[in-house]
Amino acid sequence: MFHTSDGDAMSQVRVRFAPSPTGFLHIGGVRTALFNWLFARQQNGVFVLRIEDTDQSRSTDDSIQAIVDGMRWVKLDWDEGPFRQTERMDLYRDHAVRLFEQGHAYWCVCTPEELETRRKDAETKGGSPKYDGRCRNLGLTKPPGEAALRFKAPQDGQTVVDDLIKGRVVFDNQILDDLIILRSNGYPTYNFSVVVDDASMGITHVVRGDDHLTNTPRQIPIFQALGFPLPRFGHLPMILGSDKARLSKRHGATSIMAYKEMGYLPDAMVNYLVRLGWSHGDQERFSREELIEKFSWKNVQTSAAVFNPEKLLWLNAEYLKTSPPTEIAQALVPLLEQAGLKDEVRACSIEWIAQLVVLVKERTKTLVEMVHWVTPYFGEVVVFDEEAAKKFLTSTHAAVLTKLVERFEALPTFSKHEWEEAFKKLVAEEGIKMGQLAQPVRVALTGRTASPGLFEVMEVLGRDRTLLRLRRGIERASRS
RNA sequence: GGUCCCAUCGUCUAGCUUGGCCUAGGACGGAGCCCUCUCAAGGCUCAGACACGGGUUCAAAUCCCGUUGGGACCA
C-alpha cells in the first residue's frame with residue numbers, strides 16, 4: 001500500500017502549507033504556499049493550512065493571525081485549517097506509544113550531558129556523531145524520571161526519495177540516527193510530529209523547502225513503521241539574498257505584509273514569487289488562472305534563486321499600469337486616508353480616483369509612490385514646492401500666465417483639445433518655447449516641476465479648479 | 001567532520017529528458033539613441049553567461065567522470 005507513483009490516480013490530491021509562527025509570514029513561506037496552492041487548485045485537490053508550533057514555546061495567536069492575514073492578502077485560500085500542532089498533542093503521544101508497543105521505539109535514559117561527552121569521544125576517535133544506541137536494546141518500559149522515546153531507525157539498506165523536483169535521491173540507512181520522537185518533557189520532536197500530521201491529514205504530496213530534503217529519509221521509516229502510505233515529496237529550492245546567503249532581514253524586507261505596506265500589489269507579488277524558481281518558456285506575466293493551468297513540477301528549478309527587488313518593482317509597475325484602474329483606486333484609498341487625505345477622499349467618487357490612477361500610473365511603481373503623485377489633485381488649492389515656485393512662478397512669468405488665463409476664460413467650457421490649441425497659439429504668438437510656459441503652468445497646477453501631461457491634468461482638475469489654481473499661481477508670481 | 005542538493009549573462013530564466021535548429025533566446029538591471037510641455041512610460045540599439053578539466057561522439061550547454069565553488073541538514 002506504499003504508493004509512490006505520481007498523481008496516483010483515484011486518490012484526491014491533498015497538500016499542505018505548514019509554517020511555524022515566527023511573528024510574521026516570510027516571503028519564502030509564501031512561495032512554498034503558492035506552489036502547493038497552485039497544485040491543489042490545478043488538481044482540484046485540497047489545500048491544508050497547519051501551524052507548526054510545537055517548538056515555538058511562545059507561539060501566540062498574534063503570529064497565527066499574521067500568517068492568516070498574509071495568506072489572505074496574497075489570496076491563497078485554504079480548504080482546511082488552520083490546525084495547530086499544540087492542539088494535537090494527544091495524537092502525537094498516542095502514535096509514539098504505538099510505536100513503542102510495536103517495538104519500533106524505545107525509552108532512552110541517556111542525559112544530554114552524557115550524550116554530549118560520548119559524541120565528542122566518538123568524534124575524536126573518528127567515529128560518527130550519531131547516537132550510539134546504548135539504550136536501544138535495554139528493553140526499558142517507561143522508566144521513572146527523565147526519559148525520551150527514540151525511534152529505531154533502520155540501519156541497513158537504502159531509503160530512496162523519488163522527489164517531484166530533485167528526482168531520485170538515495171540515502172544509505174547507515175547514516176540514520178535513532179531520533180528522539182518524544183522528549184523527556186512529553187513534547188514530540190519536529191520530525192515525528194510532521195509525519196503524524198502529514199499521515200493523519202492524508203497529505204498526498206509533501207512539498208516544502210529544500211532545507212528539509214535530508215529530513216525526508218528520517219521521516220520515511222516513521223511513516224512505514226506507523227503503517228501509513230508514503231506521500232510523494234517535493235523539495236523547492238531556497239530563496240537567497242543578493243550575497244547568496246539565505247534570504248533574511250539584512251537583505252531587506254522579508255515579511256509579506258511589509259510589501260503590502262510598501263505599496264506592492266498581491267498579484268504582482270505572486271507573479272514575481274512564482275517566477276522565482278518556476279518558468280514557462282519566456283513568459284513573465286501570468287494571471288492566476290494561467291498559473292493554475294500551466295503549473296508543473298517539471299518546470300520548477302532545482303537550484304536556489306536570488307531574490308531581486310528590482311525585478312519585483314518592475315513587475316509591480318507593470319501591474320499598476322495594466323490592472324483595471326478602479327481596482328487600483330480601491331487599493332489606493334486606504335493609503336490615501338493614511339496619508340491624511342481622509343476628508344478629501346470621502347468627498348470624491350471612486351471613479352474620479354480611478355481617473356487619477358490613469359493619470360499617474362505610467363510614472364509610478366508602487367501604490368506608495370502613487371499616493372505621492374496623486375495628492376496634488378485633491379483639494380481646491382495646491383501647496384507649492386518652494387524651489388519649484390521660486391524658479392517658475394516669478395514676476396517674469398506673471399504676464400504670460402495672465403494672458404493664458406484670459407484666453408482660457410474666454411472658452412466657456414473645458415475641452416482638452418481647444419485648451420491645448422489656445423495654449424499653443426499663445427506660445428507661438430509670444431515667440432517662446434512650449435516649456436517656457438508649460439513649466440510655470442505645471443507648478444501653478446500641481447505645485448511641482450514634474451507631473452503628467454498638462455492638459456490631462458487640467459481635465460482631471462476641471463475648468464474651475466484649473467482657473468483657480470492658475471490665478472493663485474499668478475498671485476504668487478506677482479508677489480515675488 | 002559526515003550525508004545530501006546545486007552550478008547558463010550582475011540577477012530571474014529558456015535550451016538539457018529525446019546531443020546537431022545555439023555564431024546560446026527572453027526578462028530585470030546597466031549604457032546609448034529616438035519620442036517629448038516636465039517626469040515617466042514607450043520604441044530601437046548595444047554590452048553581458050554555458051564554473052573548470054577530462055572523456056564519449058562526426059558533433060556536447062546538453063551524456064559520463066573528476067575538480068572547484070556555493071548551499072542545506074545532522075550534530
Side-chain angles (χ1 to χ4, degrees), chain A residues 115-116 118-120 122-131 158-159 161 163 165-177 179 190-191 208-218 235-247 271-285 298-318 320-322 359-365 369 372-373 388 391-392 420 423-424 427 432-443 445-446 448-458:
Chain A
L115 291 170
E116 185 59 28
R118 273 191 265 150
R119 183 182 303 126
K120 276 185 182 152
E123 268 180 53
T124 48
K125 287 173 188 154
S128 107
K130 71 180 197 180
Y131 179 62
Q158 296 178 323
T159 296
V161 181
D163 197 274
I165 294 157
K166 306 271 183 189
R168 196 180 139 90
V169 185
V170 182
F171 299 86
D172 277 328
N173 288 342
Q174 289 163 29
I175 61 150
L176 260 31
D177 210 340
L179 288 181
Y190 169 76
N191 278 306
R208 76 248 279 200
D210 222 343
D211 45 345
H212 285 115
L213 182 59
T214 50
N215 277 329
T216 310
R218 299 180 234 280
H235 290 91
L236 297 164
M238 307 261 80
I239 300 183
L240 274 25
S242 49
D243 57 357
K244 309 249 180 172
R246 205 183 182 129
L247 188 66
N271 197 150
Y272 177 74
L273 255 16
V274 80
R275 280 286 289 103
L276 206 54
W278 176 85
S279 61
H280 186 264
D282 287 337
Q283 193 173 343
E284 294 288 351
R285 292 198 48 186
K298 86 173 198 310
N299 294 321
V300 174
Q301 197 74 7
T302 49
S303 52
V306 173
F307 181 79
N308 183 349
E310 274 157 359
K311 188 156 184 179
L312 169 61
L313 191 62
W314 165 78
L315 240 196
N316 200 57
E318 288 293 302
L320 246 26
K321 276 181 278 190
T322 56
L359 188 67
V360 304
K361 66 180 184 175
E362 307 282 282
R363 14 184 83 74
T364 63
K365 292 182 190 293
E369 282 180 30
H372 174 258
W373 272 79
K391 190 166 176 193
F392 292 110
E420 186 166 356
F423 186 101
K424 285 185 171 159
V427 165
I432 56 176
K433 286 184 195 163
M434 266 302 265
Q436 290 176 279
L437 182 55
Q439 282 306 77
V441 170
R442 172 166 286 113
V443 176
L445 257 25
T446 69
R448 324 218 264 231
T449 52
S451 85
L454 279 186
F455 305 100
E456 284 75 34
V457 166
M458 292 179 192

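Each chain gets a letter, A, B and so on, in the order its sequence line appears, and its residues count up from 1.
- For the pair A/Gln301 CD and B/C5 P, the computed distance is 17 Å after rounding to whole Å.
- Across the protein-nucleic acid pair, A/Leu247 atom CG and B/U11 atom C1' stand 14 Å apart, rounded to whole Å.
- The two residues A/Thr449 and A/Gln439 have their closest heavy-atom pair at O-NE2, 3.2 Å.
- Phosphate contact (OP1/OP2 of B/C73, side-chain N/O of A/Arg246, threshold under 4.0 Å): present.
- Remark: the backbone N or O of A/Thr302 is paired with a side-chain donor or acceptor of A/Lys166 at under 3.5 angstrom.
- Within 4.0 Å (heavy atoms only), A/Gly453 reaches at least one base atom of the nucleic acid.
- One P atom belongs to B/A14, the other to B/A7, and the distance between them is 11 Å to the nearest Å.
- A/Phe171 places its CZ atom 13 Å from the P atom of B/C74, with the value rounded to the nearest Å.
- Rounding to whole angstrom units, CG of residue A/Leu454 and P of B/U36 are separated by 16 Å.
- Between A/Leu240 and A/Ala304, the shortest heavy-atom distance links the atoms CD2-CB, 3.6 Å.
- Nearest to the side-chain atoms of A/Arg218 among the listed nucleotides B/U38, B/C12, B/C74 stands B/C74.
- Mapped onto RNA chain B by nearest heavy atom, A/Glu456 and A/Asp177 fall at different nucleotides, with A/Glu456 at the one closer to the 5' end.
- Distance from the side chain of A/Met434 is smallest to B/C37 among B/C4, B/C6, B/C37.
- The gap from the P atom of B/U45 to that of B/G26 amounts to 10 Å, rounded to the nearest Å.
- Here A/Ser451 does not reach the OP1 or OP2 of B/U38: none of its side-chain N or O atoms lies under 4.0 Å away.
- Candidate nucleotides B/C28, B/A40, B/U3 were compared by shortest atom distance to the side chain of A/Glu362, and B/A40 ranks first.
- The two atoms that bring A/Met458 and A/Val441 nearest to each other are CE-CG1, 4.0 Å, heavy atoms only.
- An OP1 or OP2 oxygen of B/A40 is reached within less than 4.0 angstrom by no side-chain nitrogen or oxygen of A/Lys361.
- On a pure distance criterion of 3.5 Å, a polar donor-acceptor pair joins the side chain of A/Glu284 and the base of B/G26.
- Pair assignment for B/A51: B/U67, on the basis of Watson-Crick or G-U wobble contacts that are both within less than 3.5 Å.
- The two atoms that bring A/Ser451 and A/Trp373 nearest to each other are CA-CZ3, 3.7 Å, heavy atoms only.
- Where A/His212 and A/Asp282 meet RNA chain B, the nucleotide closest to each residue was compared, and A/Asp282 sits on the side nearer the 5' end.
- Across the C1' atoms, B/C9 and B/A61 are found 13 Å apart, a figure rounded to whole Å.
- Distance CD (A/Glu318) to P (B/A41): 10 Å, rounded to an integer number of Å.
- In the set B/A27, B/C73, B/C5, B/C73 carries the atom at the smallest distance from any side-chain atom of A/Thr214.
- With values rounded to the nearest 0.5 angstrom, A/Arg218 atom CZ is found 6.5 Å from A/Ile175 atom CD1.
- Across all strands shown, A/Lys391 has no heavy atoms under 4.0 Å from either base or sugar-phosphate atoms.
- If you take atom C1' in B/U57 and the same atom in B/U62, they sit 13 Å apart, rounded to whole Å.
- B/G2 is paired with B/C73 under the Watson-Crick or G-U wobble criterion, all donor-acceptor distances under 3.5 Å.
- In this structure, A/Ser303 does not reach the B/G71 phosphate: none of its side-chain N or O atoms is under 4.0 Å from OP1 or OP2.
- Within the 4.0 angstrom heavy-atom criterion, only backbone atoms of the sugar-phosphate kind lie near A/Ser279; the bases stay farther away.
- Separating the C1' atom of B/U3 from that of B/G25 is a span of 38 Å, rounded to the nearest Å.
- Base pairing of B/U57 is not made with any nucleotide, judged by Watson-Crick or G-U wobble geometry with both donor-acceptor distances under 3.5 Å.
- When heavy atoms are screened at a 4.0 angstrom cut-off, A/Lys433 is found touching no nucleic acid atom at all.
- Nucleotide B/A31 has B/U45 as its partner under the Watson-Crick or G-U criteria, with both atom distances under 3.5 Å.
- As rounded to the nearest Å, B/G15 and B/C74 have C1' atoms that lie 37 Å from one another.
- Here the side chain of A/Ala438 is nearest to one of B/C39, B/C37, B/G42, namely B/C37.
- Side-chain proximity of A/Asn308 to B/G10, B/C73, B/G26: nearest is B/G10.
- Looking at every heavy atom in both residues, A/Asp163 comes nearest to A/His235 through OD2-ND1, 2.6 Å.
- Counting non-hydrogen atoms under 4.0 angstrom, A/Pro217 reaches nothing in the nucleic acid.
- Using a 4.0 Å heavy-atom distance criterion, A/Val170 is classed as a sugar-phosphate-only contact.
- For the pair A/Asp172 CG and B/C74 C1', the interatomic distance rounds to 15 Å; values are reported in whole Å.
- Rounded to an integer number of Å, the gap from CE of A/Met238 to C1' of B/G70 is 14 Å.
- Closest approach to the A/Lys321 side chain among B/G42, B/C28, B/U11 is made by B/G42 (side chain taken as heavy atoms from C-beta onward).
- With both ends at atom C1', the span from B/G71 to B/C65 equals 23 Å, rounded to whole Å.
- Across A/Arg448 and A/Arg442, no two heavy atoms sit closer than the pair O-CG, 3.2 Å.
- The aromatic rings of A/Phe455 and A/Phe423 stand perpendicular to each other, their planes meeting at an angle above 60°, with 30° marking the opposite boundary.
- Of all nucleotides present, none satisfies the Watson-Crick or G-U wobble test against B/U62 with each distance under 3.5 Å.
- Taking the C1' atom of each, B/C5 and B/G19 are spaced 26 Å apart, rounded to whole Å.
- Considering only side-chain atoms of A/Arg275, the nucleotide from B/C5, B/C12, B/A7 that sits closest is B/C12.
- Checking the phosphate oxygens (OP1, OP2) of B/G69, no side-chain nitrogen or oxygen of A/Lys244 falls inside 4.0 Å.
- B/C73 atom C1' lies 12 Å from atom CG of A/Leu179, rounded to whole Å.
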